[in-house]
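Lettering of chains follows the sequences in order, A, B, ..., and the numbering in each one begins at 1.
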Protein chains: 2
Amino acid sequence: MKLTEAKAQFISSWGAFGTHWGINRTMAQIHALLLVSARPLTQDDVMEELDISRGNVNMNMRDLISWGLVDRVLLPGERKEYFTAEKDIWKVATQIIKERKKRELDPMLKLLQQLENVDGDKKDADTKQFIETISGIRKFGGQADKMLDVMVKADESWFLGSLLKFFK
Amino acid sequence: MKLTEAKAQFISSWGAFGTHWGINRTMAQIHALLLVSARPLTQDDVMEELDISRGNVNMNMRDLISWGLVDRVLLPGERKEYFTAEKDIWKVATQIIKERKKRELDPMLKLLQQLENVDGDKKDADTKQFIETISGIRKFGGQADKMLDVMVKADESWFLGSLLKFFK
DNA sequence: TTGAATTTTCAAAACTTATTGAAAATAAAT
DNA sequence: ATTTATTTTCAATAAGTTTTGAAAATTCAA
């Protein structure tokens, strides 16, 4: 397969993949494009490569920057802004974990904690089931939370190396 | 907080949570409702509780069943079908992991393997970057894949117990 | 069988989210 | 200070997704 075709294939699949994870297709595609580009790109480059409008590129790029996945780069002597993506996939993953934990997991755990203290007779079947379900989810979420904390603090070789030994 | 209010709160938050993970709001809400119900519910129960149409309940319920998260239950002497959700959150999580791995991760890894064999000069910056990025993602994905395999085969106490010790 | 209860389907409508493109704002060069 | 290049914003529109509801299909009982 030729490079151009392979790139297109990767960008398209990565975009489709993203939509299963609550990320919009275009954002994932821009990210994919930057991931496989040896050099930083301008908004115009992205517009041309993906055939999308300037406003679209601009907004999604901002979003990628706010997720910490893309950086603005100023090339000396150039008027235009350039954009580049972190290429180390471990860093990408920990960055995403960090953000999603903050935006989604932590607030959910906080809510579950409150809901666990629902008032009412603990002998009532519905109340009992509610408390059991909520506390089950909270405990599980708490463990996941701890594990992700260690993960984002660890460095790749340590983490994957250890896990690998651990799981044979 | 009263039980009714707490339930409503949980169902609504779980629905919002779901949308961040590529799951539609209603499916997540039906799942939440079944998770906190002490007894199986009919389509009519769900229609009433969530104030949604019959067709909507029916389609999302099918989907939940295909994900292995909900079961049909036939109560003796009853004409209607009842539905119930697996309450053990570890089982729920491993079930979801198993399905998403099969539907998303495995095909992606297969694609990356193919893309790694792109033809072209490995000294060309673009080709080099492409191969490096793709193989980086593939290696990382491969590790994740292995870890998830162990997880879905393990049982909760073993897995979380071991991880907990492992991560202090 | 026939008829009533129940479930399933799916085209149309409602709703949600993403995209465009042109105008406004900003920044740099002359 | 003015012109020119570039980026940002956002109302309008397009595209995509979810929901409805009524008709068709199925299931069960008499």
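One finds a side-chain N or O of B:N58 lying less than 4.0 angstrom from the OP1 or OP2 phosphate oxygen of C:dT8.
The side-chain tip of A:R25 does not point at the ring of A:W14 from less than 6.0 angstrom away and within 45° of straight on. Taking the ring axis of B:W21 as reference, the NZ or CZ atom of B:R100 does not stay both within 45° of it and closer than 6.0 Å to the ring centre.
The nearest whole Å value for the distance from the CG atom in B:D51 to the C1' atom in C:dA14 is 15 Å. If you take NZ of B:K80 and P of C:dT7, they are 7 Å apart, rounded to a whole angstrom. Rounded to whole angstrom, the span from the CG atom of A:N60 across to the P atom of D:dT9 amounts to 14 Å. Rounding to whole angstrom units, CD1 of residue B:I23 and C1' of D:dT17 are separated by 15 Å. Atom pair A:N56:CG and D:dT8:P shows a separation of 14 Å (rounding to whole Å applied). One interatomic measurement links the two molecules: CZ of A:R72 to C1' of C:dA27, which rounds to 13 Å at whole-angstrom precision. Rounded to whole angstrom, the span from the CD atom of A:E78 across to the P atom of C:dA29 amounts to 11 Å. Computed from coordinates, the A:E81 CD to C:dA27 C1' distance equals 10 Å when rounded to whole Å.
Comparing atom distances between the B:S53 side chain and each of D:dG21, C:dT7, D:dT8 picks out D:dG21 as nearest. Relative to the side chain of B:Q43, the nucleotides C:dT7, D:dT19, C:dT19 differ in distance, and C:dT7 lies closest. Comparing C:dT6, C:dT8, D:dT6 against the side chain of A:R79 picks out D:dT6 as the nearest.
Using a 4.0 Å heavy-atom cutoff across all strands shown, A:R25 reaches no nucleic acid atom at all. As judged by a 4.0 angstrom heavy-atom cut-off over every strand, B:N24 is placed among residues touching the sugar-phosphate backbone only.
Between the side chain of B:R54 and the base of D:dT20, no donor-acceptor pair of N or O atoms lies under 3.5 Å.
Two residues, A:F83 and B:G55, neighbour DNA chain D, and the one matched to the more 5' nucleotide by heavy-atom proximity is A:F83. Residues B:R62 and A:M59 each lie close to DNA chain C; by heavy-atom proximity, the contact nearer the 5' end of the strand is made by B:R62.
With respect to B:D119 and A:K2, no salt bridge is recorded, no charged nitrogen being found less than 4.0 Å from a carboxylate O. Between A:K80 and A:D44, at least one side-chain N (NZ, or NE/NH1/NH2) sits under 4.0 Å from a carboxylate O, which counts as a salt bridge. Between A:D126 and B:R39 there is no salt bridge, since none of the side-chain N atoms of the basic residue sits less than 4.0 Å from a carboxylate O of the acidic one.
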